[in-house]
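A short write-up of the structure that comes next.
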Amino acid sequence: MHNKGMAYWLMKSEPSVFSIDDLKREGQTCWDGVRNYQARNFMRDQMKLSDRVLFYHSNATPTGVAGIAEIVREAYPDHTAFDPADPHYDPKSDPNAPTWVMVDIGYVATFPRFVTLDEIKAEPGLAGIVVAQKGSRLSVQPVSEEHFKFLCMLGKHTL
DNA sequence: GCCAACGTTGGC
DNA sequence: GCCAACGTTGGC
């Protein structure tokens, strides 16, 4: 279903931890561990079912967009914040009023052609995209429809 | 592995 | 409420 208000996102993952191949194998996953308020607010307030996500490989060689995912479950409490044994444990997050949320994403496609960050930076059609901005560390970012489609084209992905 | 850029924490 | 210290992200 193609809803009119569909939004587009970019989400970063270190492929040594969780790659597009892992997502493909598992089909879907919960996006836990986000501990940045701006990223959380995007997930909590704006992400809707079937929104599209550019799956970005960070801290890798090369870095860049590896494929596409979609939102399959809207924001709900990130239970890893309540678990003292979890690396993302946050003692200040109250189970009765959780500080942190997560969404579930599902696999859509792997780009036939990986689009590197160098290419993104060099491409006039992607001018202003958040991921190419200096010092941009946001792990969850909004992407315009135009930029999303442009990246799909560069990735040889048929929409 | 380095380190610039950035977000968060906590003393005052 | 300021801001120095600290921890993390993520490109390189």
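Keep in mind the model is a prediction, meaning the values are calculated, not measured.
Side-chain to base pairing of A/Arg137 with C/dT8: one donor and one acceptor N or O lie within less than 3.5 Å of each other.
A/Trp31 and A/Asp104 form no side-chain donor-acceptor contact under 3.5 Å, judged by distance and modelled atom types alone. Between the side chains of A/Thr80 and A/Asp83, no donor N or O sits under 3.5 Å from an acceptor N or O.
Atom CG in A/Asn59 sits roughly 16 Å away from atom P in B/dC3 (whole-Å rounding). For the pair A/Leu10 CG and C/dG10 P, the computed distance is 10 Å after rounding to whole Å. With rounding to whole Å, A/Glu119 atom CD is found 16 Å from C/dG11 atom P. If you take CD of A/Gln38 and C1' of B/dA5, they are 14 Å apart, rounded to a whole angstrom. The distance between atom NZ of A/Lys92 and atom P of B/dT8, rounded to the nearest whole Å, is 10 Å. Computed from coordinates, the A/Ile120 CD1 to C/dG10 P distance equals 14 Å when rounded to whole Å. One atom, NZ of A/Lys134, and another, C1' of C/dC12, lie 14 Å apart when rounded to the nearest Å. What separates CG of A/Leu138 from C1' of C/dT8 is a distance of 13 Å, to the nearest Å.
For C/dG11, the OP1/OP2 oxygens have a side-chain nitrogen or oxygen of A/Tyr56 closer than 4.0 Å.
Of the listed residues (A/Val65, A/Leu10, A/Ile20), just one forms a side chain to side chain contact (heavy atoms under 4.5 Å, CB included) with A/Phe55, and that residue is A/Ile20.
Of all non-hydrogen atoms in A/His147 and A/Val143, the two that sit nearest each other are CB-CG1, 3.8 Å.
The nucleotide whose nearest atom lies closest to any side-chain atom of A/Tyr37 is, among B/dT8, B/dC6, C/dC12, B/dT8. Across B/dT8, C/dG11, B/dC6, the shortest atom-to-atom separation from the side chain of A/Ser58 is found for C/dG11.
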